[in-house]
Amino acid sequence: MSRLADPPRRGKGICAMRGSCGRTSMLGADLPCPDDGNATEPEQKLRDLMASVCGPSFTLPDSVCCTYDQVATLSDRLQQAAPLIASCPACINNFRSFYCDFTCSPDQSTFLSVTSTQKTTDGKDAVKEIDYEVSSEFKQGFYGSCKDVQFGATNGFAMDLIGGGAKNASSFLKYMGDLRPGLGSPFQINFPDNDDSQYSRIPLSCSDTNNINARCACADCPAVCPELPYVAPPSSGKCHVGAVSCLTFSLLIIYSVAILLGIAFYSWKQALRHRQRRYERHALLDPPLSPTAASGNTNGLDGMIGRGGEDAESGPSGSIHFRLGRGASLLDPMEHLQPKQNKINAVLRRSFYRLGLFCAKQPVVVFGITALVVALLNIGWKYFAVETDPVRLWVSPSSESAAQKHFFDDNFGPFYRSEQVFITQPGDGPVNYDTLDWWLKVEAEIGQLESESGVTLQDICFAPAGPGTPCVVQSVSAWLGEDMEQWVEDWQSRIKDCAGRPGECLPPFGQPIDPKLVLGGANGDWLNAKALVITWVVNNYNDDRVAPAEEWERVLRSYLAGLSRPDVTISYSTGVSLEEELNKSTNTDVKIVVLSYLVMFLYVSLTLGGGLPPQVISAFSHRLWRGIIRLGVLLRIVKSPPEDRSPTSPSFSLIPTLLSVNSKFSLGLFGIAIVLIAVSSSVGLFSLLGVRVTLIIAEVIPFLVLAVGVDNVFILVHELERQNSLHAAQDGHDDAQSVDSDGRQPSTGTSLSPEERVARAVARMGPSILLSSVTEVVAFALGALVPMPAVRNFAIYAAGSVFLGAVMQVTVFVSAMALDLRRAEAMRIDCFPCVRLRPPIGLYDETAPAGKGVVNKFMRTIYAPFLLKNEIKQLVLVAFGGLFLFATIGIQHITLGLDQRLALPSDSYLVPYFNALDAYLDVGPPVYFVAQGADAPTRHGQQQLCGRFTTCMDLSVANTLEAERKRPESSFVASPPAAWIDDFLQWTNPTFESCCRVRRRDPTVFCSPRDSDRLCRPCFEGEEWDATMNGLPENQDFMKYLQQWLVSPTNEECPLGGQAPYSSAVKLSNDNSTVTASHFRTYHTPLKSQSDFIDALAAARRISNDITHRTGVKVFPYSLFYVFFDQYSHIQSTAVQVLSLALFAILGITSLLLGSWRTGATVTFVCSLAVINVMGIMGYWGISLNAISLVNLVISLGIAVEFCSHIARAFMGAGTGLPIDKEVGKKERDERAWTALVDVGPSVFSGITMTKLIGISVLALTRSKLLEVYYFRMWLSLILSGALHGLVLLPVLLTYTGGQGYSLEDTDEDWVTSQMRRPMDYEYAPFADEDSVMSD
């Protein structure tokens, strides 16, 4: 190298360099000679070549500083860049002028300065380094004309290839001037800043609409793009007042105003009461007046009791007996006390009575019929099939996305399978020599993996250039090769250079790799990337051809599972991983689910039995107390024991006898067996009908049906115990008297047979079971309206199981109850009925009916009286109003989606993989916009699709996608579209001598890449061809050239070849006469959250609809995740529809079966509030709305009825006689609500709430996040919300809005009998006509 000793001449007409002085090496490029001589006039041959190379915007000078060989070399170099930027005339013509001025300008010396030289192999001095003083105006204009030019094949920009991804003009020129093979320079070119530069060329502008050699299309020049209508980002447009939403703010205002009005009303009422009391105190001091005088027009008894005021409303209209009090009512009790009958209730009771009597008297027949029906239903098990395919599980086959996926797979082939690995390392990350060296060796081993049948990666991989060519492997190995030793200390520079200029580091499969695809979490700092990302792309099929790929993937999965390295975390997924792990999740919670069943079974078995009689418990409690007192006397804590006046205590030996006889263990076991039989029969029935079982069904439905069915078992058994206490058979044996001495007394009621008692129990509780079961089955069945197969099948199986379970509970279980009752009365041991302990005796005690336990006493003496106080009722309404407000706020925070990690076992290797995917992959999923109906061979059809020509439609398919890319916050589109139509038509450009070529002698024959240039010529050589689409192929020519383009390789000579990027992007008709469908590929922005995926799908559909509306071309979007997120486009409206239908169904059923639309409406309202609270908890507890949670909401609505229906029916039927210890002075509805709470409240708490709560609590131990989030959390919320609303809010609301009651008894004689057992209770006449109902 040498510096120039004497300064060269400078000035116009003087050169700076010229000719060729040889090469510095055998493989080097020819280098120009320093030459400060005068410019010379070119020969015609040189002028013609310059006109061809420099383009139409370059004015040929009269003299030049170059030779023919220099221009020929320049032509070869420009040919490498031309296909990348030819779509924008301004860019390519600026590019040509820039280099033609550099090479041939007669005024070179005014802006070029050779700063150093070097010796060539010939010993000559050649240019080593040169300064090119380009004007600032041209720098900025040149860069501006090229910076937005796209290269569709890579979904990127030409600037990434010709300018190294430069972000400004200086970086752009520096990249082109650096000494580098390829698109670089054979010698160093510097571009110093010089405000006085003599370089006078004016750059062409891509937005110059009047210059055909400058104007570019919208895709390459944003300045000429039409402006799209504004579309707000998904996150905007929500109304807020400060930090809260407008809805929340409004509800807060309404709630606050309501409370203030309530407080004001209460204060006013208290003031009135205070004045009334003062008046009464003054009245006591005044002399008494005559009743007739005091009452005005009233006289006689009416005047004495005071017809005015509240007393006038204290009894039935026209009931003189009620107003006269108990004595008068006794004169004619039948007329004024017996409540009205309800026809529907009477019919149901008689029907259930006959059913119960038949089942109790004919247990063998019932068991036989049930066994036959169950056997027939279970025949369907031979058609049993489990659905494991995630797409068929979670995607509705009738959904729009499913149909579009089917179309895409049929026309373009299924989306590729991918095997992906993330390598992370704490500290500085995995981009270090040792880790890279280790991984390159691992990757080489993976490339050699072979399955048992001999399948290798090469056999199944996606090879763009055809079978046997290099596979697509996106890895840092594409830049580093298989061995780090070749780079020594330069490996960091290699990674940095390749990441900055991927076009210079092409992998074996020939397409540049976006550094974001292989270096994750880098944020542009590639050497400090947080993860290495490696992806193998494998061909996919929808038939048996996929089997070899799955076989090799299992080998890869096993290899990766055994791969380890200290301080390195390996997260991976293969094509078979997701389906296998989803299927495996069903086995991870078997123990938890079984434990839940066992806990419920034990609870049911232990609580069903009658246990010890209260007298026995009382006696032993008394004995224990006496023992404590005696101990206190011995310790001198108590002075002397009190006198013992208690009856004789029974013997301890009686306890085992009573426990073994009264146990209901076998009956509870049979009740649970019925549930399992119902589930099994349901599976058999629906398997026969072709409904596939899913994993959710296997795990959840037995538990669900058990939780629902056990309630009916409790209700029936408890009612039977009540019937036993009223009608137990009396025995005259002497042994009975001995038992009486142990604390039992014979029943004083009418003696009935066991069968009769069982029938009466079924008659009384059957309508309640019918009410709850019908609403649950209807609610579950409505869940089948959700189109997702896994959820729809779940709803169908659940409805069928609950229905079959309810039928068997009122038939075969009734028979089992009758048999168990006979066993108990025969003093036979539970589980061992052959063993008889002692002669038959009466075990049931009328004076201490079953159920008066701690819960019953608490409900009767504390809870019910407290709840029904006026002040407490008002506080309850205020509290539940606040709860509703709290839930409404929570509902606004419910998100949509179903994170697939929740469906996996918590210890699955895919969980860390999905975590790494979210954290480190900075590229969104690809999205394809599929176009149908465009007549591509015609010019109009081409203009509907294209975007790189000036006559394309302003908002064509390609132009619209490009415009949407520029607003990613609304469109979620991140990359330029890969428009096949543009690249194909550019491929025919005759200036690209290495692209579309035909034989010179026979232009009908296309040249192959191996044919020499001497034999071939450009397809359209010598023909008109420009950016206005003049001369471009149409009709038959279009299809002929298109077919050739689709098989033309993509290489350095012609990067526009269509084989690699577009071979599967265009679907031709069977006769190859037209294009039936094609797709435009782009990429979404990185999608991290479920809402991102949902919004991206919505945006893609909006874009497609806009394109269809503007162009007339039918367009739809497709991406791999769309089929799973399609449900969220309509799930909110589906939720409203399904829940509304369920509410209407509940309103109709409850109104009909309860005999009052007011009570039915109240129950429906309370159930809706319970579900609203569950939805509110979803927002606070991170439970998203999806098909699973929607079905759970519908199920919640059905089960919520169970918490309410029994209390509502007891409220309506309280006319069977109110207990003697009722609260005096309460209004009629208050007393019925009190009776309902006391009568069935304990059963609702212990038999419904506790059963479900105990069973669901075990699911807290599950390892499945899906079960934990969508079943444990939601059902726990439902149980607590349902119990709270059923036991607190419902009784309060019934006191305000409940309907008129009726009798639950069948006949007058039954009613009279029941009243006679409640002495001193005739003074109460609760059931008045509608006019007599009290109000607050």
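The structure presented is a predicted model; accordingly, all values stated were derived computationally and were not measured. Starting from 1, each residue takes its place in the sequence as its number.
Between Ile677 and Leu804 the shortest side-chain heavy-atom distance does not fall below 4.5 Å. Using a 4.5 Å heavy-atom cutoff, the side chains of Thr1159 and Thr1150 are not in contact. Looking at Val717 and Asp820, their side chains never come closer than 4.5 Å, going by heavy atoms from C-beta outward. Side-chain contact between Phe1245 and Met1250: present, with at least one pair of heavy atoms (C-beta onward) separated by less than 4.5 Å. Phe358 has its side chain out of reach of Val814: every pair of non-hydrogen atoms, C-beta onward, lies at least 4.5 Å apart. Taking the side chain as every heavy atom from C-beta outward, Val1244 and Glu1202 never approach each other to under 4.5 Å.
A donor-acceptor pair under 3.5 Å is formed between the side chain of Ser1281 and the backbone N or O of Ala1170. Using a distance-only test at 3.5 Å, with no hydrogens or angles considered, no donor-acceptor pair links the side chain of Ser1205 to the main chain of Ser772. In this structure, Ser773 contributes its side chain and Leu770 its backbone to no donor-acceptor pair below 3.5 Å. Judged purely by atom type and a 3.5 angstrom limit, Asn1192 uses its side chain to pair as donor or acceptor with the backbone of Tyr1270.
For Phe803, the CZ atom counts as loosely surrounded, since its 6.0 Å shell holds 12 or fewer non-hydrogen atoms of other residues, nucleotides or ligands.
In this structure, Phe813 has its ring center no closer than 6.0 Å to that of Phe367.
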Let's go through Ile769 and Leu716 carefully: what are the C-alpha distance in whole Å and the side-chain angles of both, what is the deciding distance for side-chain contact (heavy atoms from CB on, under 4.5 Å) to 0.1 Å, and is it a yes or a no? CA-CA 9 Å; Ile769 293 174; Leu716 285 171; 3.6 Å; yes
Verdict with reasoning, Val1201 to Glu776, per side-chain contact (heavy atoms from CB on, under 4.5 Å): CA-CA 8 Å; Val1201 177; Glu776 285 165 355; 5.9 Å; no
Go through the steps for Gln1300 and Met1212 under the test side-chain contact (heavy atoms from CB on, under 4.5 Å), then give the verdict. CA-CA 7 Å; Gln1300 183 179 352; Met1212 292 300 297; 5.7 Å; no
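Put simply, the residue from Lys361, Arg760, Arg822, Gln362 that forms a side-chain hydrogen bond (donor to acceptor under 3.5 Å, both in side chains) with Glu755 is Arg822.
Closest of all the heavy-atom pairs between Leu348 and Pro767 is CB-CG, 4.0 Å.
Residues forming a ring-ring contact (aromatic ring centres under 6.0 Å, His included) with Phe1144 (at least two apart in sequence, or on another chain): none. In terms of the ring-ring contact (aromatic ring centres under 6.0 Å, His included) criterion, His1206 has no residue partners (sequence neighbours excluded).
Among residues at least two apart or in separate chains, side chain to side chain donor-acceptor pair (under 3.5 Å) pairs with a member in residues 377-386 are Asn378-Trp381, Asn378-Ser680, Asn378-Ser681, Trp381-Ser680.
Ion pairing between Arg757 and Glu719 fails under the 4.0 Å rule for side-chain N and carboxylate O.
Asn793 and Arg692 are not linked by any side-chain donor-acceptor pair at a separation below 3.5 angstrom, with hydrogens and angles left out of the test.
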